[in-house]
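Right, one structure below, let's go through it.
Order of the sequence lines sets the chain letters (A, B, ...), proteins ahead of strands, with each chain counted from 1.
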Amino acid sequence: MKFKDTLSGEIREFVPVSEGRVKLFVCGPTVYDHIQLGNARTFVFFDMFAKYLRARGYEVFYLQNITDLDDKILNRAREENRKWSDISDRYLESYLEDSRTLHLDSVSHHARATRYMPEMISQIERLIGKGYAYVSSDGVYFDTSKFPDYGKLSKQKLDQVEAGARVEVRISKRNPQDFVLWKFSDEEPFWDSPWGKGRPGWHIEDTAITEHYLGPEYDVHGGGTDLVFPHHEAEIAQMRAISGLPFLSRYWLHGAFLNFRGEKMSKSTGNIVRVKDLAMEYPGTAIRYFLLNSKYSSELLYNEEVFRASMEGWKRLQRAFLALMSEHSCSEACNIEKDSKDIINLMDEDLDTRETIAKLHVIATEIFRGDLTPSKKRKYAHIYRFANSFLSIFAGEQRSLDKVVESLISLRNEFRERGMYPESDRIRARLREAGINLEDSGKETTWNVTG
RNA sequence: GGAUAGGUGGCAGAGUGGUUAUGCGUGGGACUGCAGAUCCCAUCUAUUAGGGUUCGAAUCCCUACCUAUCCUCCA
């Protein structure tokens, strides 16, 4: 299996540190608002990635942090005149709800930042002890001049970085690129530390959490590309300064943005579509189809027109899936992996979900053409099942034994045979109101559940 | 100013040296009580512009123009 590693800038063959086992860490959300579709793109991609690794036989420990303390959470609390932890609790719950909608069920453990305060303080102590951090007037800072590899991940040369391009340079820092590990503060919320009351900087939570669960070095670290600099750069600096090892993560995997109205979908600019709003109209599997029907390393365009067009493609595949699943269940005789060789080849080549979906469409055409041999049909059923084990874009196997529906269908067909169409149409209309769609093809009537 | 991706048919978006990507849309046909779905055909010899390498370039090289993103809020 290969994928694009940000650190080397190359598509590299993936070899985990321990054979057959993968330690994966992905930066989770800051819980200060509902997540939007751009966030979902990254989370869906890594969910698919973890599931694909498992489908290929790896044992995967997938760790995700939750940033439940941050200036944005504090600001929101102030605006709403509520306790900061009420805000983070509420939006963490919202995130978990959206995760269920989107079938993000591959995470082994969610780690909330504020529960790892001793681990963070321990890391800062060790950094100071080794001379990589210093105490200043308003906080503790990491001294980037002591860590020569700072900038290597993002391929930035420090002397070329425009200091203060977006944020004021603080005079309390030794170098403009130095980042804060601990911010002094007497205002709630604060924690005690050897250097005084305050709260942690943004970057330290991830290394504290990953060191706790995965150790100082692990296999894959993921996130959106906006985190490459400075966040992931800072994580590398922190952990490697402590461990002295050549890597924090062996592979760095970054997902590209979702663009909307000519720019990145982003809360700060207000051009967002919330997952919750989309989920009112479309099932989570369909939203996943839209997000995965793209190359993770390329920007993806969102607008209503493109999304609706994508939904048409999803419906087509969903029908093909139902057609296959209604007739074939996977028995002990299946050889899913062998039948899915083509898909595995596509996926092993830089996680090409888009080509995989294109392949499913080609199969769909063959299925709908309707002249398949039973063995070919079984093979295609295996392929769909295998692809769905990591894409999670199909749901709702046809319940052909649901006797109530079946008997209504046969009643309706009696009416149809006698030409009593007003009666037959009423049955169809009533079932549709109940969310059940009937479709006639010749003498056969099939049905499926919408939503 | 520095860094990273890109610019492909009506739309979205693959393809990294020679073959129909794929989906959506549109038009026509088949099937059908109607609806829906599906199939077939067409749109479809598309590759930002200008040079170069090559028997052959969307693909490699150079130049120009354009777009998105990052340079301490961010998935």
- When all nucleic acid strands are considered with a 4.0 Å heavy-atom cut-off, which category describes G262(A): base, sugar-phosphate, or nothing? sugar-phosphate

- Item | Touch class at under 4.0 angstrom, heavy-atom based, for E312(A) against every strand present | sugar-phosphate

- Task: Using a heavy-atom cut-off of under 4.0 Å over every strand shown, decide if K315(A) touches base, sugar-phosphate, or nothing.
- Result: nothing

- Message: Less than 4.0 angstrom between a side-chain N/O of K155(A) and OP1 or OP2 of rG2(B), yes or no?
- Response: no

- Query: Will you find, in the side chains of Y380(A) and E366(A), an N or O donor that is under 3.5 Å from an N or O acceptor?
  - Reply: yes

- Query: Is any side-chain N or O of R416(A) under 3.5 Å from a base N or O of rG33(B), one able to act as donor and the other as acceptor?
  - Reply: yes

- Query: Given atom CG of N413(A) and atom P of rU32(B), what is their separation to the nearest angstrom?
  - Reply: 16 Å

- Message: Measuring centre to centre across the rings, with the benzene-like ring taken for any Trp, is Y384(A) within less than 6.0 Å of F394(A)?
- Response: yes

- For rA75(B), does either OP1 or OP2 sit under 4.0 Å from a side-chain N or O belonging to T30(A)? yes

- List in chain and number order the residues that pass side-chain hydrogen bond (donor to acceptor under 3.5 Å, both in side chains) with R426(A), two or more places apart in sequence or in another chain; answer none if no residue qualifies. none

- Task: Just name whichever nucleotide pairs with rU38(B), Watson-Crick or G-U, keeping both distances under 3.5 Å, else none.
- Result: rA30(B)

- Query: Quick one: L360(A) CG to rC24(B) P, roughly how many Å, whole number?
  - Reply: 13 Å

- What is the distance from atom NE2 of H361(A) to atom CZ of R316(A), rounded to the nearest 0.5 Å? 6.5 Å

- Could you measure between the two P atoms, the one in rG27(B) and the one in rU32(B), and give it in whole Å? 23 Å

- With the threshold set at 4.0 Å, does a side-chain nitrogen-carboxylate oxygen contact exist between K276(A) and D98(A)? yes

- Query: Base, sugar-phosphate alone, or nothing: which one does E299(A) contact when heavy atoms must sit under 4.0 Å apart?
  - Reply: base

- If we take the C1' atom in both rU38(B) and rG6(B), what is their distance in whole Å? 37 Å

- Note on the structure: To the nearest angstrom, the CZ-P distance between R316(A) and rG36(B) comes to 17 Å

- Message: Does S298(A) reach a base, just sugar-phosphate, or nothing at all? Heavy atoms under 4.0 Å.
- Response: sugar-phosphate

- Task: Could you check whether D71(A) gets within reach of a base, just the sugar-phosphate, or nothing at all, counting any heavy atom under 4.0 Å?
- Result: nothing

- May I ask you to say whether K376(A) pairs ionically with D371(A), meaning some side-chain N is under 4.0 Å from a carboxylate O? no

- Message: Could you tell me how far rU22(B) sits from rC39(B) if I compare only their P atoms? Round to whole Å.
- Response: 13 Å

- Task: Quick one: label T6(A) by what it contacts on the DNA or RNA (base, sugar-phosphate, nothing), any heavy atom closer than 4.0 Å.
- Result: nothing

- Establish whether the base of rG33(B) is bridged to the side chain of D425(A) by a donor-acceptor pair shorter than 3.5 Å. yes

- Message: Please tell me if R369(A) has a side-chain N or O lying less than 4.0 Å from either OP1 or OP2 of rU38(B).
- Response: no

- Would you please confirm or rule out a distance under 4.0 Å between OP1 or OP2 of rA68(B) and any side-chain N or O of R261(A)? no

- Indicate whether OP1 or OP2 belonging to rA35(B) is found under 4.0 Å from a side-chain N or O atom of R428(A). no

- Task: Could you work out the separation of rU20(B) and rU8(B) based on their C1' atoms and round it to a whole Å?
- Result: 16 Å

- Task: Would you kindly check whether a donor in the side chain of T225(A) faces an acceptor in the base of rC70(B), or vice versa, at under 3.5 angstrom?
- Result: no

- Ring centres of F43(A) and Y95(A) under 6.0 Å apart? yes

- Message: Just to be sure I understand the rule, does M311(A) reach a base, reach only the sugar-phosphate, or reach nothing, if contact means heavy atoms closer than 4.0 Å?
- Response: nothing

- Establish, with yes or no, whether the OP1 or OP2 oxygen of rA5(B) is under 4.0 angstrom from a side-chain nitrogen or oxygen of K4(A). yes

- Provide, to the nearest angstrom, the distance between the CZ atom belonging to F179(A) and the P atom belonging to rC74(B). 13 Å

- What nucleic acid atoms does F257(A) come within less than 4.0 Å of, heavy atoms only: base, sugar-phosphate, or nothing? base

- Taking 4.0 angstrom as the limit, do D5(A) and R250(A) come out as a salt bridge? no

- Message: Please classify the nucleic acid contact of G223(A) as base, sugar-phosphate, or nothing, using heavy-atom distances under 4.0 Å.
- Response: sugar-phosphate

- Task: Using a heavy-atom cut-off of under 4.0 Å over every strand shown, decide if I35(A) touches base, sugar-phosphate, or nothing.
- Result: nothing

- Message: Would you measure the distance from the C1' atom in rG9(B) across to the matching atom in rU4(B) and give it in whole Å?
- Response: 28 Å

- Return the value, rounded to whole Å, for the distance between atom CZ of F307(A) and atom C1' of rC11(B). 16 Å

- Message: Could you tell me how far apart Y91(A) (OH) and rA75(B) (C1') are, to the nearest whole angstrom?
- Response: 18 Å

- Message: So D178(A), base contact, sugar-phosphate only, or nothing? Heavy-atom distance under 4.0 Å.
- Response: base

- Query: What integer number of Å spans the P atoms of rG10(B) and rG18(B)?
  - Reply: 24 Å

- Task: Return the nucleotide paired to rC24(B): Watson-Crick means purine N1 to pyrimidine N3 with N6-O4 or O6-N4, wobble means G-U with N1-O2 and O6-N3, both under 3.5 Å.
- Result: rG10(B)

- Phosphate oxygens OP1/OP2 of rG23(B): is one of them under 4.0 Å from a side-chain N or O of W314(A)? no

- Query: Quick one: does D440(A) reach the base of rC34(B) with a side-chain donor-acceptor pair under 3.5 Å?
  - Reply: yes

- In whole Å, what is the span from the CD atom of E439(A) to the P atom of rA37(B)? 7 Å

- Task: Between rA3(B) and rU59(B), how far apart are the P atoms? Round to whole Å, please.
- Result: 24 Å

- Ion pair present between K146(A) and D143(A), side-chain N to carboxylate O less than 4.0 angstrom? yes

- Watson-Crick/G-U partner (both atom distances under 3.5 Å) of rU47(B): none

- Query: If you look at every strand shown and take non-hydrogen atoms under 4.0 Å, does S310(A) touch a base, only sugar-phosphate, or nothing?
  - Reply: nothing

- Could you give the CG-to-P distance, from L258(A) to rU69(B), as a whole number of Å? 12 Å

- N/O donor-acceptor pair, side chain K72(A) with base rC74(B), under 3.5 angstrom: no

- Using the P atoms only, state how far rG50(B) lies from rC65(B), rounded to an integer number of Å. 16 Å

